[in-house]
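Notes for the one structure printed next.
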Amino acid sequence: IADNDAELVDGFTRVDNITDSALRSFNEQVGEPVTKDDIFFYVYALLHSPAYRETFTADLKKMLPRVPLPTSKPQFRVLVDAGRQLAELHVGYESVEPYPLQELETGTLLDATDDRWRLTKMRWKSKTDHSSIVYNTHLTLAGIPEKAHEYRLGSRTALEWLIDRYQVSTDKKSGIVNNPNDWGAEHDDPRYVVDLIKRITTVSVKTVEIVENLPDLQLG
């Protein structure tokens, strides 16, 4: 439940979805002043914790997430820092450093008009080998680390979502064509999807590394 007090920011109304009563509870538990942003990042890190997900597996399938108070000030601060890193990484995914995947030439361009960056539908190297993405007949992106496949968004990895969504497709009812090549053409960035794959690989690897360093949570 949001608080009634609202703040105007650049003409928009900002409403905190963390109540003042929740803020007081965290202040008392931590033993020092905390901010609502601190609580947000704490919760964001908590929701990525394998220990939290395992403990509340059943609850997460049928109700809103239960948010336990931190057991100590050090634990709270570590989770706040991790949550801030995760949030910045996920919100700014388009500006992270691209992962150094290999760009392997797998075909010969027919002529000057043959676009090496154009895609129709990407796929893995094989059903069992996800170390490479066959981008098109000319290009394969190789060297995807195992750790990149550990970051999952629901039932799929982030790279699986990308492969599924970034393909030329036509809506059966409307006939509207979804063509991911159009955005790159409009913004004079023909290799946008190639670099996006590299960036999502970076996001996946760094997310797993941050999660691996989360503190051992005592949850009951």
Side-chain angles (χ1 to χ4, degrees), residues 9-14 40-41 44 47-48 83-211:
V9 179
D10 296 329
F12 295 93
T13 301
R14 172 178 175 173
F40 172 85
F41 293 128
Y44 198 67
L47 293 176
H48 281 79
R84 181 176 287 106
Q85 292 180 57
L86 288 168
E88 290 176 352
L89 187 62
H90 297 162
V91 172
Y93 69 94
E94 287 191 300
S95 60
V96 302
E97 187 69 23
Y99 197 87
L101 299 179
Q102 298 171 271
E103 297 183 16
L104 304 179
E105 296 286 351
T106 54
T108 303
L109 297 179
L110 300 178
D111 53 50
T113 64
D114 199 3
D115 188 354
R116 72 187 296 255
W117 306 115
R118 191 168 186 81
L119 66 85
T120 300
K121 184 176 182 179
M122 297 180 285
R123 62 176 176 83
W124 296 112
K125 183 177 181 180
S126 71
K127 289 183 178 180
T128 58
D129 187 348
H130 290 187
S131 64
S132 302
I133 292 176
V134 178
Y135 183 82
N136 59 23
T137 57
H138 307 311
L139 180 66
T140 291
L141 300 176
I144 299 172
E146 282 294 325
K147 189 164 285 189
H149 301 302
E150 296 177 30
Y151 175 45
R152 307 186 73 84
L153 300 169
S155 61
R156 299 181 182 180
T157 68
L159 288 172
E160 285 173 333
W161 276 106
L162 193 152
I163 289 174
D164 179 65
R165 301 304 299 174
Y166 280 78
Q167 59 177 288
V168 178
S169 60
T170 303
D171 183 78
K172 292 181 180 179
K173 291 185 177 180
S174 66
I176 295 175
V177 177
N178 175 41
N179 190 339
N181 299 289
D182 292 343
W183 196 96
E186 292 168 2
H187 293 80
D188 195 26
D189 186 8
R191 52 174 293 141
Y192 169 76
V193 179
V194 170
D195 290 329
L196 180 62
I197 293 170
K198 293 183 176 184
R199 289 189 167 97
I200 294 302
T201 302
T202 294
V203 169
S204 299
V205 170
K206 288 190 174 182
T207 295
V208 172
E209 290 174 349
I210 294 170
V211 170

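This structure is a prediction, so every number in the text was calculated from the model and none was measured.
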Please tabulate, for the side chains in residues 146-153, all donor-acceptor contacts under 3.5 angstrom to protein atoms that are two or more places apart in sequence or on a different chain.
residue: Lys147; atom: NZ; partner: Glu212; partner atom: OE1; Å: 3.4
residue: His149; atom: NE2; partner: His130; partner atom: O; Å: 2.8
residue: Arg152; atom: NH2; partner: Ser155; partner atom: O; Å: 2.5

| task | In sequence, state the C-alpha distance, the side-chain angles, and the governing distance for Met122 and Val193, and then conclude on side chain to side chain contact (heavy atoms under 4.5 Å, CB included). | result | CA-CA 11 Å; Met122 297 180 285; Val193 179; 4.2 Å; yes
| query | Are Leu196 and Tyr166 close enough, and set up right, to give a side chain to side chain contact (heavy atoms under 4.5 Å, CB included), and what steps lead you there? | reply | CA-CA 10 Å; Leu196 180 62; Tyr166 280 78; 3.5 Å; yes
| said: For Trp124 and Ile144: C-alpha separation, side-chain torsions, deciding distance, then whether side chain to side chain contact (heavy atoms under 4.5 Å, CB included) applies. | reply: CA-CA 11 Å; Trp124 296 112; Ile144 299 172; 3.9 Å; yes
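His90 and Thr207 form a side-chain donor-acceptor contact under 3.5 Å, judged by distance and modelled atom types alone.
At least one donor-acceptor pair closer than 3.5 Å links the side chain of Asn181 to the backbone N or O of Leu119. At distances below 3.5 Å, at least one donor-acceptor pair connects side-chain atoms of Tyr135 with backbone N or O atoms of Trp117. Checked by atom type and distance alone, the side chain of Thr106 pairs as donor or acceptor with a backbone atom of Thr137 at under 3.5 Å. Without hydrogens or angle criteria, Asn136 side chain to Thr120 main chain gives no donor-acceptor distance under 3.5 Å.
Rounded to the nearest 0.5 Å, atoms CD1 (Ile133) and OG1 (Thr140) are 10.0 Å apart. With values rounded to the nearest 0.5 angstrom, Phe41 atom CZ is found 11.0 Å from Gln85 atom CD. To the nearest 0.5 angstrom, Ile200 atom CD1 is 6.0 Å from Leu162 atom CG. For the atom pair CD1 (Ile163) and CD1 (Ile197), the distance works out to 7.0 Å, reported to the nearest 0.5 Å.
In this structure the side chain of Val205 reaches within 4.5 angstrom of the side chain of Pro145, judged on heavy atoms. At a threshold of 4.5 Å between non-hydrogen side-chain atoms, the residues Leu141 and Ser132 do not count as touching.
Heavy atoms of other residues, nucleotides or ligands lying less than 6.0 angstrom from CG of Asp129 number more than 12.
Nearest approach of Leu104 to Ala142, heavy atoms of both residues: CD1-CB, 3.7 Å. When all heavy atoms of His48 and Val211 are compared, the pair lying nearest together is O-CG1, 3.6 Å.
Sorted by first and then second residue, the pairs that involve residues 190-199 and meet side-chain hydrogen bond (donor to acceptor under 3.5 Å, both in side chains), not counting sequence neighbours, are Glu94-Tyr192, Glu103-Arg191, Glu103-Lys198, Arg191-Asp195. Sorted by first then second residue, the salt bridge (charged side-chain N to carboxylate O under 4.0 Å, His left out) pairs that include residues 162-184, not counting sequence neighbours, are Arg156-Asp164.
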